[in-house]
Amino acid sequence: MSEVSVLVVEDEPTIAETILYALEIEGYRVTHAETGGAALEIFADDQPAFVILDVGLPDITGFEVCRELRKSSDVPILFLTARDGEIDRVVGLEIGADDYVVKPFSPRELTARVNAILRRNKRGIDSGSSGAGDGEISVGRFTLYLDRYQGSLDGVELNLSRYEFGMLKVFLEHPGRVFSRDQLMGLVWDEPDAALDRTVDAHIKTLRKKLHAVDADFDPINTHRGLGYALLLPRS
Ligand code: CA
């Protein structure tokens, strides 16, 4: 495995040191920023494969850093939050974080989480080429045919509309991540401003119907009330 670089954004020196040490032991290459501003600069220069982001930073909040990164990048982001408050959790996931841990945490717990997210994303679209032909990606029971905007479940064609295809691709690229309706519209629709929230809901509904037509018990798309949707893949 080549060295994976992780950017750690944390202003408290003792916590930062602990995290950096734990990640180095695991074989990651680490960089460290103490402010949101520094984090954005390092990110632009270094393009790390993973970002660990403290919510409470001295200049701008971790949420703002996340929002800024998400404008141009799909990098996995793990939040460090001080409280297990519902607000941290909701906001964190809605703006496109992959997971979060609440302080205090053990270094072991943190590295386990980083490893899990990287594994999960690797199982997703990035590594999907194994055994499949060009333009074909297999993730779990799904196969996507990128050149013709189609997909299959257990080898059965799903006859997807372009929006259903687009959403399924986004979900399979980030299993478990919650996407808000706005995010899905921005990622999938050509003219997101012209679409309505209920447009997304309508296409989710038809997508679910097509999955159910293949397997009536298979319902991988979870609705997160007030937040959006996530696709969960069974652990393999
Ligand atoms: Ca802090």
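Computed from heavy atoms alone, side chains included, the values below leave out hydrogens, waters and symmetry copies. Every number for a ligand or one of its atoms is a count from 1 in the order of the listing.
When distances to the Ca ion (ligand 1) are checked against a cut-off of 3.0 Å, G56 contributes an N, O or S atom below that limit. At a threshold of 3.0 Å, the Ca ion (ligand 1) has a backbone or side-chain N, O or S atom of D54 nearer than that distance.
Atom OD1 is the N, O or S atom of D11 at the shortest distance from the Ca ion (ligand 1).
Seen from the ring of F165, R162 does not count as a face-on cation partner, given the 6.0 Å and 45° thresholds.
Taking the charged nitrogens against the carboxylate oxygens, K103 and E10 do have a contact shorter than 4.0 Å, which makes a salt bridge.
Side-chain contact between V8 and V51: absent, with no pair of heavy atoms (C-beta onward) separated by less than 4.5 Å.
Ring-plane geometry between F218 and F142 is classed as tilted, the angle between the planes lying from 30 to 60 degrees on a 0 to 90 degree scale.
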